[in-house]
Structure formats: structure tokens, C-alpha cells
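Chain identifiers are assigned alphabetically (A, B, ...) following the order of the sequence lines, protein sequences preceding nucleic acid strands; residue numbering begins at 1 within each chain.
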Amino acid sequence: MPGTWADWPDTVTGTASQTQLHSRPTRPSYVPPHLRNRTAPETENYLVPSSNEGSNSNSLGGFPLKHSGSREIGLRGGGAGGGDRRRAPREPPNPFDVSDQLSEMGVSEENCDDGGINFDTYEDIPVEVSGSDVPPAVNSFQEIDLGDALNQNIRRCKYVKPTPVQRYAIPISIAGRDLMACAQTGSGKTAAFCFPIIAGIMKSRLGVQWPQRGGRIAYPVALILSPTRELSCQIHEEAKKFSYQTGVKVAVAYGGAPIQRQMRDLEKGVDILVATPGRLVDLAERSKVSLQMIKYLALDEADRMLDMGFEPQIRKIVEQMDMPQPGIRQTMLFSATFPNEIQRLASDFLSNYIFLTVGRVGSSTDLIAQRVEFVQEMDKRKHLMDLLYTERANGTNGKQVLTLVFVETKRGADSLENWLCMNGFSATAIHGDRTQPEREQALRSFKNGVTPIMVATDVASRGLDIPHVAHVVNFDLPKDIDDYVHRIGRTGRAGKTGLATAFFSEGNQPLAKALAELMQEANQEVPSWLSQYAERSSYGGGRSRRSGGSGRFGGYDYRRDGFSSGGNSYYNSDAGGGSGSSSFTSTPYPSFNVQASSYGNGLESIVASGWD
DNA sequence: AAAAAAT
């Protein structure tokens, strides 16, 4: 990779730089068919927003000079994003290119996932905060001093006003507080933890000499962990947008991809590292990265990160490497679901944290219509095919809408994909036994509609933001109701509506009760046969209240149950009120405030008021 | 029991 090239507006006009331009072995001239033959006036819209001194002369060979990344138009690039020639000196590629072009092309938010947040549906989202000295929520991004560069990026992302989780989470983390937050990815969660991190990094550098770059070991100040490679990739893409031209460097590290490139990126210096656990540990053991400068730690899909499979790895990273202690670093945990058990584990990583829960935007609310059908195991394929045919018939121009089909096993995913293809459906599959390039290819061709059906294991159940998934089919229901919640959350994103269909078979009996309750909470019609199944399983046990659940919220601060004893200084540090920690049981403790959106103070009023 | 995550 050449290290120096000029800003491209100059490049196109200057002869010398023309040469330079051609000397680079890029693929500038490929433009996807649907973008060809555009007329000249539109070319100015291709400019980088901040370096747009150029004019209409910025076209080459009849159509706009576009970076090679344009081959990815309509896709959310699989991480790489290399080969971009249209950059300001020493600046990373402009991450806004794709979406800007799309919107300028008159392509609605169809393929642009920054655009279409339907804010109307956010208006009445219930929010609940608990903890001591909770900073007040804000109503606009302007109320917080995020800095000019970041504000510009927020504008470029077309974020007009903060989503509920952002209104609360951003002030909390700007204030330096630890946070446990229940909210879905589609609710603007990534921005909620990225903005304060980026703003904080920039602020800490005011008037300070920039840290030395290019050392052999990378010392990121922020670490964002997620449970799947694709999710890390997605967060990285988002974080790059938010940090564009802020001087804040973002890098990503995950398995399945060549490590060399990731190591090179780290050597170039990194402020925010987005990673999956395994690869991070690997890099740390190779002494490519040290965590001793970490000031911000964010765990996305935190409940998965702390479940049985992942917990040891997370503990190793957070507690047994060189990461600063809680209280010194700032820790933020995010997930759509937070079982008590997990909250208890997570509190090891936190210091005097605030618990925030945002009513679901999407999953298990009106935005997702949930159906459950009784289907014998052997009839499932036939049943799925009927659904898909109906979909195709009802869809516009007989087009298949994006349909995500969840199955239990990797083998099952492959065989169902195969079967669908044999029966004339364009399907792909994603699961952990496929190679990383295969996984990324599957996701791409699903997102852009080439294969509008994707069969997936739970690798795709969490956090992935795939715009326009119209239908989630639980071909095999998961064992855990929280997984169901995450899965159906792949549709009804960003305030849009979606459909979730579950195939319930004999074997799903243990899930019946939780499923029926969940659907009831979401005002969905519960078939009477399901209620009967639920009754039958009720004496057997099983969690009656999901996640210690409080209705439409994703979670409930387990500290308020008064179960947690002494150890946590949090409860005992208060001067007023009861003298012993035992007094903190049912009555609200003076330092432990619970606030619920704009609806008075008591939780009771919220739960009772019903959010419909 | 399954899935994910390092090579």
C-alpha cells in the first residue's frame, strides 16, 4: 500500500497526480449496473462531506470517480473496506460513502441502515433507571458536549435525536459511571456506548501530546467485546463512522480471518479495539496488544459473554490480564436480556453501576407479530415451504422477502439450506462450521437479497443488524426463552414491523410456559393449545418470571430484590436511611433511586400502568 | 444437548 497520495479532488485535476492515480493498482472503474449511466450533476454528491472542495469536474470516464469500495454498494462491507482511494491525507476511508451515495441516488433507506429509524415508535418506550446519583437524561445530542467532529458524524449518520437508550446511557457514561443496560441493538445501543468513548478519548487529548504511535505493542484505551465475529465486524463498521476525522483509531480483531493484517492494524496504533475473545487472547499472548491502558470496557450481548461457554475467557481477559480494575476503568455492559444469574456474575466487573432498562423496541412488542404453530417434526420442511410460497405470492412482484430461518444444529442448517435450494428457493446458511469467508459471504448475499432466505444457528441470533428482515422463522425453537427473544429481534428493527413464526413441536414442551407468557406480555394471541402445554409444564417448574422479569422490560435490577448480601459496598455506603444492609429489602433505599421515564417515580406505577 | 470462540 502506498503511503502517500493526495486528496482526490486535486488528484483528478492535476496531471502529475493523474499519473499517480493510475499507478495505483486499484479497481476504480467498476460500478455496479444499477449505478451506471448517472448524469453529471449527481457527481458532486459523491464527495466526501468534509473535503468537498471539488466540483462537478470530479468525474472520470463518464461517471463519478468512485472508490473501489463501491463494489460493495448495498452491502455492509465485511470488515475490510480497504482500497479506498478517496481519502483525506492520513485519514481512514470515509465510512459514510455507501450510505451517502445510496441516499443521493434516491434509493430510500432500502439498503441504508443508518437512515430509517422510525422515531415515532420510540415515543412511548418505557425506561427505568436504578442506582445512586443517576445523571439526568438528555433530549438531544446538543445537550451533551460531544465535540464538533463527533457531532458532525452524528449528523452524517442522520441521527436527529437520541433514542431512549442513548438519552440515558450517554449522560451516564459521560459522567464516568459504570452501566448495565438492557436494550436491543436495533435501539441504537452501539452509538450509546461509542459516543461517550470517542468523546472521552478526544477530550482526554485536549492540549496533550498525542501518544506515540507505531510501537510494537498496541495500547488501546477502549475495548469492545462481542460474542460473534460478524457482530464485532458490525460494531467496527459503526465505530469507524462515529470516529471519522476525530483522530480516534478503531481496529477489529476476530478469529477465522488472517491474523497478519490484524496485527499490522494494531501496530499502526489503536484507540478503540473491537474484538471477539479468542483472537484477543491470542494477540495478547503474542504481545501485540496490552490492556493496561484500558479506560473503557464495553461488553455487547453481555449475557452471552458471561454464559457458561464464554465466562472463563471473559474472566481471563477482564481479571487475569493487565486490564485496570473496576473503578479505574469504566465498564459498560449491554444486552437485550439480563438474567439475574448473569447480573450477579457481571457485578464482579462493575463498580457502583447504574442499571438501565429500556422497554423493547421491536422484540415482543407490537412491532413484531408473533405466531406459533404446532408442527410435527417430520412436517416442518413441508410447512416451511408453504410459508415461503405464501410469502412469495404475497410479496411485491413475487419477490421473496428476507426470511431468516433458525435451526438448532449446524448440520441441520446445512441440510435445510440444501433442501431449500433443491426446491427452488434461493437460500444460504450461516453457522460456526463454515469458514469465515463463507459466513461473511452468506451474510452479504442475504442482506442484499441475492439469497433472500438464510438458514442460521444461534451464531446469527444476537446483535446482527440486518435491515429489512421481514420474517424470522423458528424452525427449531431454542431451549432458552432469552434466545427466542434475541432471535425474533432480528426483525422489527429500528422501529419497523416484522413477523416471527415459531414451529412448536412435542419436544418444545419445556418452553411452552415461558413462550406463552412472553407472547401474552407482548399482546400476542396465544393459541389455546399452547396455553394447555404451558399448564402442563407449570407444575414441573421452569422459570416462571423470565429474567426475573418485569413485564415489557428486558430486565430488572437484581440488586433490588435484596438478595445480594453484604459484599457489595454499594448498599452500605449510604449515610442516611437504615443503618444495616438488611434494611434494604423491599423499601427503596435512600441512595438507591429508581426512576421511570417521565411517569413519576415508583416502579409500581409503571408496571401497573401498562404500556400498550 | 447445542452453539460460539484461537490455531
A/R304 CZ to B/dA5 P, in whole Å, measures 10 Å
Here the distance between atom C1' of B/dA6 and atom NZ of A/K316, to the nearest Å, is 11 Å
Contacts satisfying ring-ring contact (aromatic ring centres under 6.0 Å, His included) that involve residues 421-441 of chain A (not counting sequence neighbours) are A/Y389-A/F425
> So what does A/G309 hit on the nucleic acid, given a heavy-atom distance under 4.0 Å: a base, only sugar-phosphate, or nothing?
Replying inline: base
Rounded to the nearest 0.5 Å, the CG atom of A/D386 sits from the CD atom of A/E373 at a distance of 10.0 Å
When rounded to whole Å, the NZ to P distance for the pair A/K410 and B/dA2 reads 10 Å
In whole angstroms, the gap separating P of B/dA6 from CD1 of A/I314 amounts to 10 Å
From the candidates B/dA1, B/dA5, B/dA4, the one with an atom nearest any side-chain atom of A/K479 is B/dA1
Whole-Å distance, A/D433 CG to B/dA5 P, equals 10 Å
With distance as the sole criterion, do the side chain of A/E408 and the base of B/dA2 form a donor-acceptor contact below 3.5 Å? no
CA sep, side-chain torsions, deciding dist, call: A/F242, A/F195, ring pair (Phe, Tyr, Trp, His ring centres under 6.0 Å):
CA-CA 7 Å; A/F242 302 149; A/F195 290 176; 4.8 Å; yes
So ring-ring contact (aromatic ring centres under 6.0 Å, His included) across residues 300-334 of chain A, not counting sequence neighbours, yields A/F193-A/F334
Ranking B/dA5, B/dA2, B/dA4 by distance to the side chain of A/T409, first place goes to B/dA2
Side-chain contact check for A/T276: nearest option of B/dA6, B/dA4, B/dA2 is B/dA6
Rounded to whole Å, CG of A/D282 lies from C1' of B/dA6 at a distance of 5 Å
A/Q436 atom CD is separated from B/dA5 atom C1', nearest whole Å, by 11 Å
Q.
Once you apply a heavy-atom cut-off of 4.0 Å, does A/R439 come out as touching a base, just sugar-phosphate, or nothing?
A. sugar-phosphate
Rounded to whole Å, the CG-P distance (A/D476 to B/dA3) equals 10 Å
**Item:** Cation-pi geometry met for A/R559 and A/Y353 (6.0 Å, 45°)
**Value:** yes
- Query: OP1 or OP2 of B/dA6 less than 4.0 angstrom from a side-chain nitrogen or oxygen of A/R286, does that happen here?
  - Reply: no
